[in-house]
Participant: 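This is the structure I have questions about; it appears just below.
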Amino acid sequence: MSFPGSGLAKGLAVTLRTMTKRSVTAQYPDVQPDLAPRTRGVIGLFEENCTVCMLCARECPDWCIYIDSHKETVPPAAPGGRERSRNVLDRFAIDFALCMYCGICIEVCPFDALFWSPEFEYAETDIRDLTHERDKLREWMWTVPEPPALDPAAEEPKELAAARKAADKLAAQQQAEAEAEAEAARAQAQEQTADQAGAADQATDRNRPDRPDNPGEGQ
C-alpha cells in the first residue's frame, strides 16, 4: 500500500544516488570513444571484388548508390578460345546524406565488396560534399576491423576449401609443366651428347691408318 508522496520520495532517492556517484565525462575528441566491433559508421569498398553486378544499387531503398561502368573485351585464355567481355568499374559513389545505414547493400553483395567501417568522423559543412567517391570509400576499407576468429571446432568455410583446391590444382599443373620442361631439356641434352659422340666416332674412323681410303696409306 502506497502512501501519498511515495512516488516523489522514490524519485528523490534516485536523484540522491546519482548525485553521490562520480561523474564520467567523455573527453572527445581528445580521447576517442570505444566503439562496438560491429559499429555502423561508414561503408568501405573493396574495389577488387566488385563485379559491377548492380545488386547494391538496385536493392538500396534510398537510391543513394551511384555506379558507372563500361565493358572491355578480354582475349581468350587459350588458343582457339572465345573472347569474353567484362565490366570495368568507372565510378562507385555513396551519398551519405541519403543513406539510412540499413546495411542492405552489404548483405546483398555476392562478392564481399562492401563492409561496415567504424569510422564516423566524416561531417561536412556542405551537404553536397557527403557524396563520397570510390577513392574515399577505398580509404575507409582499411579501417574495417578483422572478422572474429572462427570456432576451432567449426567446419572450414567453403570459400577457403574452394580456394585451397584451386591453389593445389594450379600448383600441381605448374609442377607438371616444370617436370615436362626438365624432361625435354634432359632429352635434348642426351640427344646432343649422342650426336657429339657419333661425330667423334666418325672423325676417329676417318683417321684410322688401316682404312683403304686413308690418304696416308699410299705414301
Side-chain angles (χ1 to χ4, degrees), residues 26-77 83-151 154-171 174:
Q27 302 296 330
Y28 177 83
D30 296 330
V31 178
Q32 293 292 325
D34 293 330
L35 302 176
R38 300 182 65 182
T39 299
R40 295 189 177 190
V42 291
I43 298 173
L45 170 66
F46 192 57
E47 189 175 330
E48 287 76 4
N49 285 359
C50 181
T51 61
V52 200
C53 64
M54 305 295 289
L55 274 177
C56 55
R58 287 199 297 265
E59 297 296 331
C60 177
D62 293 331
W63 290 83
C64 64
I65 300 177
Y66 312 114
I67 300 176
D68 293 330
S69 65
H70 69 277
K71 288 186 178 293
E72 284 186 357
T73 301
V74 180
E83 294 183 346
R84 297 182 297 107
S85 62
R86 66 183 181 93
N87 292 322
V88 179
L89 184 65
D90 294 328
R91 185 194 183 201
F92 195 109
I94 298 178
D95 186 356
F96 286 96
L98 297 177
C99 179
M100 63 179 184
Y101 305 92
C102 63
I104 292 177
C105 56
I106 298 176
E107 296 296 331
V108 301
C109 180
F111 300 103
D112 292 334
L114 298 174
F115 296 87
W116 278 119
S117 165
E119 183 69 33
F120 63 93
E121 298 177 319
Y122 57 96
E124 301 288 348
T125 57
D126 191 343
I127 193 173
R128 292 172 293 184
D129 295 334
L130 285 174
T131 300
H132 294 291
E133 302 292 334
R134 64 177 183 176
D135 294 336
K136 188 63 176 180
L137 301 180
R138 184 178 181 85
E139 290 180 10
W140 284 332
M141 180 63 207
W142 310 125
T143 64
V144 174
E146 295 183 2
L150 297 176
D151 188 345
E155 296 182 359
E156 184 182 42
K158 295 181 180 179
E159 295 83 0
L160 291 179
R164 183 176 293 105
K165 183 178 180 180
D168 294 342
K169 183 178 180 181
L170 179 61
Q174 292 176 347

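Note that these values count all heavy atoms, side chains included, but never hydrogens, waters or copies made by symmetry. None of the values given here were measured: they were computed from a predicted structure.
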Participant: Assess whether side-chain contact (heavy atoms from CB on, under 4.5 Å) is satisfied between Asn87 and Lys71, documenting all intermediate values.
Facilitator: CA-CA 5 Å; Asn87 292 322; Lys71 288 186 178 293; 3.0 Å; yes
Participant: Quick check for you: to the nearest 0.5 Å, what is the distance between Ile127 atom CD1 and Leu98 atom CG?
Facilitator: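 One finds 7.5 Å between CD1 of Ile127 and CG of Leu98.
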Participant: Can you tell me how far CZ of Phe92 sits from CD1 of Ile43, rounded to the nearest 0.5 angstrom?
Facilitator: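 Output value for this atom pair is 8.0 Å.
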Participant: Test your reading of the model: is there a side-chain donor-acceptor pair from Asp68 to the backbone of Asp90, 3.5 Å cut-off?
Facilitator: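 The answer is no, because no donor-acceptor pair under 3.5 Å joins these two groups.
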Participant: Would you say that Met141 contacts Arg134 through its side chain, given a criterion of any heavy-atom pair below 4.5 Å between the two side chains?
Facilitator: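 Side chain of Met141 against side chain of Arg134, heavy atoms only: no contact under 4.5 Å found.
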Participant: By the salt bridge (Lys or Arg N to Asp or Glu O under 4.0 Å) test, which pairs, at least two apart or in different chains, include something from residues 51-66?
Facilitator: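 Non-adjacent pairs meeting salt bridge (Lys or Arg N to Asp or Glu O under 4.0 Å): zero.
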Participant: With a 3.5 Å distance limit and no angle check, can you tell me whether Asp95 reaches the backbone of Cys64 through a side-chain donor-acceptor pair?
Facilitator: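 Answer holds: no.
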Participant: Could you state the interatomic distance from SG (Cys56) to CD1 (Ile94), rounded to the nearest 0.5 Å?
Facilitator: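 Taking SG in Cys56 and CD1 in Ile94, the distance rounds to 7.5 Å.
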Participant: Applying ring-ring contact (aromatic ring centres under 6.0 Å, His included) as the test, list every pair that has at least one member in residues 121-141; sequence neighbours left out.
Facilitator: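 Non-adjacent pairs meeting ring-ring contact (aromatic ring centres under 6.0 Å, His included): Phe96-Tyr122, Phe96-His132, Phe96-Trp140, Tyr122-Trp140, His132-Trp140.
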Participant: With a cut-off of 6.0 Å (strictly less than), are more than 12 heavy atoms of other residues, nucleotides or ligands near CZ of Arg128?
Facilitator: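 Count not over threshold, so no.
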Participant: Taking all atoms of both residues into account, what is the closest heavy-atom pair of Gly103 and Arg40, and its distance?
Facilitator: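 Scanning both residues completely, I find the closest heavy atoms to be N-NH1, 4.0 Å.
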Participant: Take Leu114 and Leu45, measure what side-chain contact (heavy atoms from CB on, under 4.5 Å) needs, and give me the verdict at the end.
Facilitator: CA-CA 5 Å; Leu114 298 174; Leu45 170 66; 3.8 Å; yes
Participant: Do Val144 and Phe46 come close enough that some side-chain heavy atom pair is under 4.5 Å?
Facilitator: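 Counting from C-beta outward, Val144 and Phe46 never come under 4.5 Å.
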Participant: So do the side chains of Trp116 and Tyr101 get within less than 4.5 Å of each other, counting heavy atoms only?
Facilitator: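 Side chain of Trp116 against side chain of Tyr101, heavy atoms only: contact under 4.5 Å found.
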Participant: When you check the gap from the basic side-chain N to the acidic O, do Lys136 and Glu133 get nearer than 4.0 Å?
Facilitator: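 Not counted as a salt bridge, because no side-chain N and carboxylate O are separated by less than 4.0 Å.
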Participant: Atom CG of Asp112 and atom CD of Glu48: how far apart are they, to the nearest 0.5 Å?
Facilitator: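 One finds 13.5 Å between CG of Asp112 and CD of Glu48.
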Participant: Give the minimum heavy-atom separation between Ala93 and Thr131, together with the two atoms involved.
Facilitator: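 Scanning both residues completely, I find the closest heavy atoms to be CB-CG2, 4.2 Å.
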Participant: For Pro75 versus Glu83, what's the shortest heavy-atom pair and its separation?
Facilitator: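 For Pro75 versus Glu83, the nearest heavy atoms are CA-CG, 4.4 Å.
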Participant: Working to the nearest 0.5 angstrom, can you tell me the gap between Thr39 OG1 and Phe120 CZ?
Facilitator: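 Result: 9.0 Å between the selected atoms.
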Participant: With sequence neighbours excluded, what pairs up with Arg86 under the side-chain contact (heavy atoms from CB on, under 4.5 Å) test?
Facilitator: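 Scan of Arg86 (side-chain contact (heavy atoms from CB on, under 4.5 Å), adjacent residues dropped) gives Glu72, Val74, Val88.
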Participant: Any chance you could measure Ile67, atom CD1, to Cys53, atom SG, to the nearest 0.5 Å?
Facilitator: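 Going from the CD1 atom of Ile67 to the SG atom of Cys53 covers 7.5 Å.
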